[in-house]
Structures are given as C-alpha cells and as structure tokens.
Engineer: 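Here it is, the structure, as structure tokens.
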Amino acid sequence: MIEFFGKLTGFLILGLIAYLLFKNKGSHPDLFNLIDGEEIIQMAKGDYWVKELLWQESQNSGEFAFTNKRILFKGTFLKSADKEVSIPYSEILSVEKSFVGLFFPVAFTIKTKDNKSYKFAIMKRHIYIDLINSLAQKSE
C-alpha cells in the first residue's frame, strides 16, 4: 500500500511539472507595454541576474522582448514577477559575453551610459548579442 501511494505521489508530481513546463512554453508579448511606434522584433525566455552581495547574484527568470527601440525584461516566476528592465539601445555602451557562476557561458553583460550594468542569461547568447549590437548601431 505504501509503495502504491509513493508511486502515485511521484506520478502526480511529474504530471504537475509537465503541466507547468507546457503552460510556460511559448512567448507572451502581452506582458510588455510598448510605446508608440515600438514593435517586438524577437522574444526569448531567460534570466536577469542581480548582484546581491559582493560575490552573490540572484536569478530572476522571465521573458525578454527585443523591440526596435529597446530591450525589455519582465520577470514571470515567483519572486521575479516584480522585476522589470527597460534599456533603450541609444543608452548602450557595450555588450560583453559573461558567465553564470564560474562555468556556464550563457550570459552577457550590458553596460549603459549612466554607469549601470545588467547581466542577462539566454541560451544561444551570440544571437542576442549580435541583435543588440546591430540595433544599438542603428540608434546612434
């Protein structure tokens, strides 16, 4: 009997995880408030990493919208839901490859003219680095 309930519990947990993954699949352009003349060029899921202490960073999962005017991030998961970032391409000084932790080469850091730094992690980061650089050059 205990074995049966153990298997049933495992099955229900697996089903819940599958449901959450399926539900979160795809992009949600309605999350973003666009300004006049702004269009979404590409969307992606990823993380915004915020420095908490000297060496610690906090992960905020969400979605990115790369528009013709700026980069938008909106947190979509639990503690990330209140995180929002908007970076106009005209304010970007540089985009550099970076790491999550010591070993995961999936991040890039954007430095802006007002001395702020934003660290984002998206799979296939080279696609988004090229897109950002291209759109930032057009905004100059």
Engineer: Hey, any chance I41 and I127 share a hydrophobic cluster, counting ILVMFWY side chains that come within less than 4.5 Å of each other, even indirectly?
Structural biologist: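 Yes, it is one cluster - the side chains of I41 and I127 are joined through contacts under 4.5 Å.
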Engineer: Checking side chain to side chain donor-acceptor pair (under 3.5 Å) for the pair E39/N68: CA distance, chi angles, key distance, verdict?
Structural biologist: CA-CA 6 Å; E39 298 175 13; N68 56 329; 5.6 Å; no
Engineer: Evaluate side chain to side chain contact (heavy atoms under 4.5 Å, CB included) for V85 paired with F120, printing each intermediate quantity in order.
Structural biologist: CA-CA 11 Å; V85 175; F120 301 119; 4.1 Å; yes
Engineer: Roughly how far apart are L135 CG and L131 CG, rounded to 0.5 Å?
Structural biologist: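 Result: 4.5 Å between the selected atoms.
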Engineer: With sequence neighbours left out, write down each residue that passes side-chain hydrogen bond (donor to acceptor under 3.5 Å, both in side chains) with K119, or none if nothing qualifies.
Structural biologist: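 Per chain and number, K119 pairs via side-chain hydrogen bond (donor to acceptor under 3.5 Å, both in side chains) with E57.
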Engineer: What distance do E96 atom CD and S117 atom OG have between them, rounded to the nearest 0.5 Å?
Structural biologist: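 It is 8.0 Å, given to the nearest 0.5 Å.
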Engineer: Quick one: ring-ring contact (aromatic ring centres under 6.0 Å, His included) pairs with a partner in residues 121-140, sequence neighbours left out?
Structural biologist: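 Those involving residues 121-140 are F66-Y128.
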Engineer: Any donor-acceptor pair under 3.5 Å linking the side chain of K83 with the backbone of F73?
Structural biologist: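 Checking the backbone N and O of F73 against the side chain of K83, no donor-acceptor pair under 3.5 Å is found.
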Engineer: Evaluate the side-chain proximity of Y89 to K138: yes if any heavy-atom separation is below 4.5 Å, no if none is.
Structural biologist: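 The answer is no; the side chains never approach within 4.5 Å.
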Engineer: Should F99 and V95 be counted in the same cluster of Ile, Leu, Val, Met, Phe, Trp and Tyr side chains packed under 4.5 Å apart?
Structural biologist: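 Per the 4.5 Å side-chain linkage, F99 and V95 are not co-clustered.
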Engineer: What pairs of residues pass the salt bridge (charged side-chain N to carboxylate O under 4.0 Å, His left out) test when at least one of them lies in residues 121-137, not counting sequence neighbours?
Structural biologist: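 Salt bridge (charged side-chain N to carboxylate O under 4.0 Å, His left out) check on residues 121-137 returns no pairs.
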Engineer: Return all side-chain donor-acceptor pairs below 3.5 angstrom for residues 101-113, not counting sequence neighbours, or 'none' if the list is empty.
Structural biologist:
from	atom 1	to	atom 2	distance (Å)
T109	OG1	S98	OG	3.0
T112	OG1	D114	OD1	2.4
T112	OG1	K116	N	3.4
T112	OG1	K116	O	3.3
K113	NZ	S90	O	2.9

Engineer: When you measure from the side chain of N60 to the backbone of Y48, do you find a donor-acceptor pair of N or O atoms at a distance under 3.5 Å?
Structural biologist: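 Here the side-chain-to-backbone pair exists.
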Engineer: Please enumerate all residues that pass side-chain hydrogen bond (donor to acceptor under 3.5 Å, both in side chains) together with E38, with sequence neighbours excluded.
Structural biologist: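 Testing E38 for side-chain hydrogen bond (donor to acceptor under 3.5 Å, both in side chains), a comparison that skips the adjacent residues, returns T67, R70.
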Engineer: Just so I know, are the side chains of K74 and E63 near enough to count as touching, which here means a heavy-atom distance under 4.5 Å?
Structural biologist: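 A side-chain contact under 4.5 Å is absent here.
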Engineer: Would you sort out whether F64 and L72 count as a side chain to side chain contact (heavy atoms under 4.5 Å, CB included), showing the intermediate values?
Structural biologist: CA-CA 6 Å; F64 291 90; L72 301 170; over 6 Å; no
Engineer: Would you please test I71 and I92 for side chain to side chain contact (heavy atoms under 4.5 Å, CB included) and show each step?
Structural biologist: CA-CA 10 Å; I71 300 165; I92 295 175; 3.9 Å; yes
Engineer: How many angstroms lie between atom CG of D47 and atom OG of S61, to the nearest 0.5 angstrom?
Structural biologist: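 D47 atom CG to S61 atom OG measures 4.0 Å (nearest 0.5 Å).
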Engineer: Would you say V100 ends up clustered with I132 if hydrophobic residues are merged whenever their side chains have heavy atoms under 4.5 Å apart, either directly or through other cluster members?
Structural biologist: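 I132 does not cluster with V100.
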